[in-house]
Structures are given as C-alpha cells and as structure tokens.
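In what follows, chains are A, B, ... by sequence order, proteins preceding strands, each numbered from 1. Only heavy atoms go into these numbers, but all of them, side chains included; no hydrogens, no water, no symmetry mates.
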2 protein chains.
Amino acid sequence: MVTRGQARPTLRDVAERAGVSVSTASLVFSGKGPVAEATGDRVRAAATALGFTGPNPLASSLRHGRSGAIGVLVEGRLRMAFRDPFAIAVLDGLSEVLETVPTGMLLIGQPAGSGESVVPQLAPLALDAVVFSLCGPGENPAVEHLAARGIPMFSTGVPGDRRITQVRIDERAAGIAIAEHVRSLGHRRVAHVAMPMLPSSTAGPVPDAEVRPGEANVPSVGRLLGFRDVFGANASAVQTGDGSSFEGGRIAGRSLLDVPEHERPTAIVTQSDVIAAGVIVAAEELGLRVPDDLSVTGFDGVDLPWLPHRITTMDQQGREKGRILGTLVRKRLDGTRPRSVTQPVQLRVGTTTAPPA
Amino acid sequence: MVTRGQARPTLRDVAERAGVSVSTASLVFSGKGPVAEATGDRVRAAATALGFTGPNPLASSLRHGRSGAIGVLVEGRLRMAFRDPFAIAVLDGLSEVLETVPTGMLLIGQPAGSGESVVPQLAPLALDAVVFSLCGPGENPAVEHLAARGIPMFSTGVPGDRRITQVRIDERAAGIAIAEHVRSLGHRRVAHVAMPMLPSSTAGPVPDAEVRPGEANVPSVGRLLGFRDVFGANASAVQTGDGSSFEGGRIAGRSLLDVPEHERPTAIVTQSDVIAAGVIVAAEELGLRVPDDLSVTGFDGVDLPWLPHRITTMDQQGREKGRILGTLVRKRLDGTRPRSVTQPVQLRVGTTTAPPA
DNA sequence: GCATGCTATCGAAACGTTTCGAGTCGAATC
DNA sequence: GATTCGACTCGAAACGTTTCGATAGCATGC
C-alpha cells in the first residue's frame with residue numbers, strides 16, 4: 001500500500017477504501033453497468049472521504065478518444081474578432097448547443113499574419129472538432145493539418161473546401177436582393193463598401209484582379225458580385241482593410257462622401273451592419289442626413305443599440321446560424337456525417353433607406 | 001503484427017516502420033534526449049510516410065498531467081459577456097501571453113442563473129487553471145469544486161477568496177478619485193449609476209442592505225463606496241440589472257434625467273464606460289448637451305469608436321491587466337506560487353466633463 | 001588492460017481511466 | 001437436487017504517450 005503524498009486521489013484509492021475493484025468504482029461514477037445500491041453508497045462515501053471529485057478527465061478522455069473540446073479558430077487578435085457582433089452572435093448560438101453535450105469551446109487565436117505558426121499551435125491540442133466561424137476567407141494552413149489528423153471541420157462562410165461542413169448562405173443572391181431594394185427606391189449613383197476580398201487586401205478601391213467570379217462563396221466576393229449584377233461593374237467599390245469594422249466603415253465612408261456633391265453617391269451598400277454604422281457616422285460628420293441625403297444598407301442583422309437608426313439589412317440570423325452549426329457538430333460527433341446546409345436570408349427594411357432626394 | 005484498419009497511426013507504428021524503439025521515436029518528436037541524426041531522419045521519414053502528425057495530445061497530456069487548456073468562466077450568455085469591451089480587452093491580453101506557452105482558452109458559459117449546473121459542466125473538463133475574469137461578484141459554486149480538484153484559480157475583480165490569485169485595483173480609491181474630479185469641477189448634485197451589487201440585484205435604486213462595506217473589493221460595491229465617500233451616503237445611486245451594458249446605462253440615465261430640472265443632477269458618475277455611453281445617449285435623447293448641461297464619467301478606459309465623445313474615465317488598462325493575468329498563470333504552471341497584485345489606475349479626462357452651467 | 005565517461009538506444013513502468021469477457025453467488029425453475 | 005438465469009463484481013487489457021534506469025558500444029586517460 002503506497003502512500004501517495006500530496007497527489008490527488010484516484011479511482012484506485014477510492015476503490016481500495018470502499019473494498020471494491022477499480023472497475024466497479026468506475027461503474028459507479030459512469031452510471032453504466034448494474035451496481036448494488038449498497039456498493040454504490042460505499043464507493044461514494046469513500047470518494048467524499050478522500051476528496052475524490054470524479055474520474056480524471058484526462059485519463060477518461062484518452063480512453064474515450066474524446067477531449068470534450070472543440071476548437072474555435074479566430075483570425076487575428078481576439079480583440080478584433082470580438083468587435084464583430086455577428087461573429088459573437090454565431091459563437092453564442094454555438095455555445096448554446098454545445099453546452100448540452102457537454103463540450104467546451106477552445107479559442108485559438110492566430111496572431112496577425114503569422115500564417116504558418118498556427119500549425120505548431122494546433123498540434124498539441126486535443127480537439128474533437130474545429131469551427132472556422134471567426135475566420136475570413138482564403139487558404140488556411142490549419143485545414144491541411146486538421147484534415148491529416150482526421151478532425152472534423154465546420155465553418156460559416158469560408159469557401160467550399162469539400163472537407164469542411166458548412167452553414168452558408170447564397171452570398172451573391174443576397175447581394176442582389178439588397179441592391180435591388182436600393183435600386184427600386186430609385187437610386188442610380190450607388191457605391192459599395194466591401195470587406196477585404198483577400199486576407200492580404202488593403203483598404204481602398206477594390207482592384208479587379210481581386211474579384212474572382214469563381215469565389216462567389218467567399219462572403220466579400222459574393223456580395224460584391226451581387227451588387228455588380230444590379231449596378232454594373234463600373235459602380236465604385238472600396239474595401240476596408242480590417243474586415244467588418246466600424247472604423248473601416250467610417251474611413252471608407254469618408255472617402256466616398258467627402259467629394260463634390262454631383263459625384264457623391266445617393267446610396268451606399270455595405271457588406272456588414274458595423275461597416276454601415278461607420279458609414280452613417282461618417283455621413284453625419286459631413287453634415288449629411290440619413291436617409292434623407294444618403295441611404296445606407298448593412299448586412300447581417302445584428303443589434304447595435306447605440307445607433308439611433310435601425311439599419312436596412314439582410315438578416316442572416318447569426319445566433320440561429322450558430323445553433324445550426326452546433327447541431328451539425330453534435331451530429332458528427334455522434335457518428336453521422338451531416339451535409340452542408342444553406343440558410344435563407346431575409347431583407348429587413350429599417351430607417352436608413354429612402355428614395356433619393 | 002496487428003493490422004490497424006482505419007485508425008490513425010501511433011508512435012508505435014512509426015517506430016516499427018523506422019526500425020527503432022517507441023521510446024526513441026518519442027525522443028525524436030519531443031526533442032529531448034540525444035538522438036543520432038540518421039535515426040531522427042529515419043523516424044521523421046516514417047512519420048511522413050504513415051501520415052503521423054505528431055504524438056496524440058490526449059495521451060501526451062495524460063502523461064504530463066497537463067491539458068494545455070485554461071478555462072475562462074463566463075457568466076451568463078456569451079453574447080452578453082462579449083458585449084463588454086473591457087472584458088474582451090482583458091481576454092485579449094490574456095490570450096496574447098497564453099499563445100506563447102502554448103495553451104488554449106476554453107470558454108465555459110454559465111447559462112443564466114443556473115448556479116449549480118456549472119459543476120457538472122466543469123467536472124469532465126481537463127483544465128490546467130481557471131480564470132474568472134468575465135464573472136461578476138458573489139459566491140460561485142465552481143470555486144469549491146475547482147479548489148477540491150486543486151486547479152489554480154485567477155481573477156480580476158472578484159472578491160478576495162484566498163484561494164484565488166488576483167489582479168485587482170483599489171476600487172474604492174478609484175471611486176474616490178473620479179468623484180473628486182467631478183466635485184472639483186464644482187458639481188454638487190451628482191448621481192451614480194452602478195453595476196449590480198449582487199448577482200441577484202435588480203435594476204433600480206441601490207438598496208442600502210446590498211452595500212456591505214466589507215465587500216469593498218467587489219468592483220460595484222467598492223466604486224459606490226468611493227463615490228459616497230465624496231458625495232455622502234444620500235447621493236442617489238441606481239444600479240443596472242445586467243452588469244456593464246449600454247442598455248442598462250440608457251435606462252438608468254433616463255430614470256435619473258427625465259425629471260423636473262431643479263431635481264436633475266448636473267453630473268452622473270458611472271461604473272463603466274459602456275454604461276456612461278448609455279447615459280450620454282439617454283441625455284441627448286432628452287435634449288441635454290454633454291458636457292454643457294450634464295457631465296458624465298465612465299470607468300475602464302475602453303475604446304468606443306462610435307461615440308462622438310472621449311469619456312472622462314478611470315483607465316484600468318484591460319489589455320495590460322489580461323497580460324499580467326497571463327503571466328501569473330504561466331508562473332503558476334511553472335511551479336511558483338505568484339501572489340495577487342494590485343494595479344494602478346489613472347484618471348483620464350475626456351470631453352464629457354465640465355463645470356456645471 | 002582496465003576503470004571511466006559519454007552517446008545512442010532500448011525495455012518497462014507508469015499516467016488513470018473504461019470496457020470486455022468471465023466468474024461468483026443466490027434464487028427461481030423443473 | 002440439478003439446472004438455468006440474473007444481478008453483481010472482478011481482473012486484465014487496452015488507450016498512446018513519456019520517462020527512468022539499464023545496457024551496449026566506443027573512445028579516453030592512466
């Protein structure tokens with residue numbers, strides 16, 4: 001009988017004290033096989049006496065081959081990713097479902113631009129699945145690594161690698177729908193503010209070379225293509241340098257609006273509500289009234305309580321999207337192989353669009 | 001020689017193919033003991049040939065007794081917690097340090113009010129440490145559980161359980177400092193908007209019974225006590241029902257400001273920048289100008305790019321706080337027992353305070 | 001020529017569970 | 001009284017690593 005100094009008690013210690021075998025003690029805690037009530041009580045009593053709080057999760061995981069954690073890959077600094085309320089809504093819905101499994105979400109940040117470094121970061125982590133929801137477009141070296149490890153991958157809105165199960169929307173159709181709305185109000189001089197086409201894109205006018213029609217599944221590309229389907233390839237389009245951000249929207253808005261009046265667009269279609277908020281503030285800073293002097297549309301359908309407008313937007317129900325994502329993950333862990341799904345989106349007219357003056 | 005169907009290759013498979021022992025193969029991947037260059041190459045070649053991506057993290061963790069994950073306990077729905085930019089700043093700083101370890105952050109939500117359910121949720125998770133940074137005040141049943149498991153605990157701004165290592169500030173002194181600033185401008189009719197005193201508190205005037213002088217370490221209590229040290233116990237104070245939130249601030253602001261002018265405060269001291277933003281918007285909705293008709297102060301020092309004011313605030317440098325927290329965690333995992341630290345805070349005067357009209 | 005030390009490798013024993021097949025024992029059945 | 005059955009319990013074999021101590025080979029120093 002070895003005295004085990006400071007160490008935490010193990011199932012073996014408990015079993016010994018209760019006078020049963022280790023396997024029986026295990027049965028008591030897992031609640032599987034049949035155990036006599038008296039035995040169960042004895043084991044539980046021994047556990048309390050020793051301060052045993054339950055089977056060691058690490059050992060249990062090794063045995064099961066499940067870690068109980070799914071990875072959430074976040075592009076760039078957390079601070080940036082979490083500034084996007086849509087991403088948070090997705091995460092929220094996801095957690096809602098995962099809490100019932102139970103599975104935790106392991107946040108994995110990719111410090112800006114350090115493409116390759118994510119693999120060594122990922123390698124020592126035990127993950128049952130990985131979600132790319134907070135990641136932008138483009139090839140991610142993590143995909144190859146995870147595929148090799150056989151870890152199921154999920155995403156919303158990342159382009160269509162066959163190995164990734166997706167919850168997506170028809171980006172281009174959504175882009176067309178909201179552009180049509182603006183056009184139907186009578187606007188003809190309309191500009192577009194996009195999220196970056198590529199991870200490497202910089203803020204400013206969108207270069208034609210970056211808009212590849214084959215990539216219509218990438219949110220930024222698909223939405224721009226939809227916009228151009230309605231307003232033509234010559235309509236001016238700028239992109240932010242930092243995804244869906246308020247500051248990016250404000251800067252883009254200023255560049256589009258701080259021009260002679262006859263050049264100024266009467267409406268701006270943006271790719272996210274947060275960007276739209278930036279554009280609206282930029283407009284108001286220049287003395288323009290929304291929607292009287294300028295109509296602005298967003299995308300996502302998030303809640304921005306501080307903004308004194310309800311943005312006209314395409315609602316893509318982030319929380320619900322996250323919940324669906326969660327369900328897919330759960331199904332996959334249960335052994336089935338769920339297929340990607342396409343979610344509907346809906347135009348929601350707010351107080352930021354009106355016919356041109 | 002067993003054929004191992006679909007399963008992932010293990011270190012044993014690699015060793016076998018390379019014609020070395022398992023222990024040698026292990027040495028190659030961990031980079032510890034001395035290995036002949038030729039042997040190393042042979043092992044690596046075998047690994048690539050078999051598609052072996054590195055030692056199984058689960059097994060490795062069991063052996064080491066380290067899971068590579070630290071838990072981040074989040075109170076309530078993720079969506080709510082992540083609305084608080086200060087919390088995110090702390091998380092961001094934390095991740096910055098942890099990425100170098102490498103360790104991931106496992107998000108653990110506590111679905112609203114379900115006090116007890118957190119323990120069964122925690123029990124099956126392998127965690128090297130737990131951080132309470134996103135949790136409000138009050139006794140958390142998780143603390144007992146984690147203490148029993150011997151998992152080190154850390155927090156910012158949760159009251160002083162001796163088992164929890166803290167990065168704190170002197171809440172009361174900070175409360176005094178900012179109240180002094182307002183008083184020195186000449187304000188005499190000043191109200192306070194607090195975060196909830198207790199997890200169970202509801203929105204509205206702060207009941208005296210909830211303000212326990214012994215709990216001055218709880219942010220909401222300490223800051224209110226500091227305020228009262230300057231403006232007296234009779235100065236009106238209301239609390240939000242949902243922590244540090246814009247909506248909570250707006251509602252509280254409206255209740256304090258939508259009264260006859262002679263009753264209206266000339267300044268409002270709040271417990272967070274987000275709350276302050278809500279108060280400012282409420283004031284502007286009532287036609288009051290900030291700071292001409294009303295001075296408003298915040299707390300935290302976060303960046304709210306959408307607000308056309310720079311809030312006068314106590315800067316507590318969330319990101320830096322998170323980094324320090326990360327360093328403490330790392331030290332603890334390295335075997336030392338770091339002590340709690342108290343960080344300085346600094347008054348930062350912005351554009352939301354001025355002498356009364 | 002023998003002790004000494006160093007390098008490269010190996011076998012075996014953990015780490016703490018879960019699970020499977022087998023075994024015991026008492027009660028019920030014929 | 002032998003047989004069958006069920007409820008309960010157990011031992012042993014995984015799960016895939018890492019690490020400790022031992023061993024073998026080989027050069028060095030006296």
Side-chain angles (χ1 to χ4, degrees), chain A residues 2 4-43 46-47 50-68 123-128 149-150, chain B residues 2 4-43 46-47 50-68 123-128 149-150:
Chain A
V2 187
R4 345 187 62 255
Q6 291 276 48
R8 318 250 107 243
T10 75
L11 208 44
R12 191 158 65 76
D13 300 323
V14 174
E16 213 162 79
R17 185 176 228 265
V20 300
S21 73
V22 179
S23 36
T24 303
S26 171
L27 258 22
V28 172
F29 289 102
S30 69
K32 307 208 165 151
V35 177
E37 195 161 335
T39 313
D41 289 346
R42 215 141 28 88
V43 171
L50 293 174
F52 180 81
T53 49
N56 179 328
L58 244 28
S60 179
S61 292
L62 172 58
R63 187 63 238 241
H64 283 132
R66 284 284 167 77
S67 71
L125 294 178
L127 301 171
D128 296 339
R149 281 174 68 182
Chain B
V2 186
R4 347 187 62 256
Q6 291 276 46
R8 319 247 107 247
T10 74
L11 208 45
R12 191 159 64 75
D13 300 324
V14 174
E16 212 161 78
R17 185 176 228 265
V20 301
S21 75
V22 180
S23 35
T24 303
S26 173
L27 257 22
V28 172
F29 289 100
S30 69
K32 307 207 164 153
V35 176
E37 194 161 338
T39 313
D41 289 345
R42 213 142 28 89
V43 171
L50 293 175
F52 179 81
T53 48
N56 179 328
L58 243 28
S60 178
S61 293
L62 173 58
R63 186 64 239 241
H64 284 130
R66 285 283 168 77
S67 71
L125 294 177
L127 301 171
D128 295 339
R149 281 174 67 182

Distance in angstrom units between A:L125 CG and D:dT17 C1', rounded: 16 Å
Side-chain heavy atoms of A:P9 within contact of A:E16, under 4.5 Å: no
Spacing between B:L11 atom CG and D:dT18 atom P, to the nearest angstrom: 6 Å
For atom CZ of A:R12 and atom P of C:dT17, their distance in whole Å: 10 Å
B:S21 vs C:dC10: side-chain N/O to OP1/OP2 distance below 4.0 Å: yes
Validation row: A:S61, B:L58 side chains within 4.5 angstrom (heavy atoms): yes
Sub-4.5 Å side-chain heavy-atom contact between B:R12 and B:S21: no
Sugar-phosphate, base or nothing in reach of A:P55, heavy atoms under 4.0 Å: sugar-phosphate
Atom pair distance, as rounded to whole Å: CG in A:L50 and P in C:dG16: 14 Å
B:D13 CG - D:dC15 C1' separation (whole Å): 13 Å
Side-chain touch B:V43/B:V14, heavy atoms, less than 4.5 angstrom: yes
B:S30 (side chain) donor-acceptor with B:S26 (main chain) under 3.5 angstrom: yes
Minimum side-chain heavy-atom gap A:N56-A:T10 below 4.5 Å: no
Comparing B:R42 and A:A25 on DNA chain C - which has the more 5′ nearest nucleotide: B:R42
Footprint string (nucleotides 19-24 of chain D, 5' to 3'): B base within contact, S backbone only, - free, heavy atoms under 4.0 Å: B-----
Phosphate-side-chain proximity, A:S61 and D:dC15, N/O vs OP1/OP2 below 4.0 Å: no
Sugar-phosphate, base or nothing in reach of B:F52, heavy atoms under 4.0 Å: sugar-phosphate
Whole-Å gap separating P (C:dG16) and CZ (A:R8): 11 Å
Expected output: side-chain A:R17 to main-chain A:L50 donor-acceptor under 3.5 Å: no
Angle by which the axis turns from one end of the helix from C:dG1-D:dC30 to C:dC30-D:dG1 to the other, five pairs per end, to 10 degrees: 50°
Atom pair distance, as rounded to whole Å: CG in B:N56 and C1' in D:dC15: 8 Å
Sidechain-backbone polar pair: B:R8 side chain, A:R149 backbone, donor-acceptor under 3.5 Å: yes
Separation of atom CZ in B:R66 from atom C1' in D:dT18, rounded to whole Å: 15 Å
Under 3.5 Å: donor-acceptor pair, side chain of B:D128, backbone of B:R66: no
Minimum-distance nucleotide to A:L62 side chain [options: C:dT9, D:dG16, D:dT9]: D:dG16
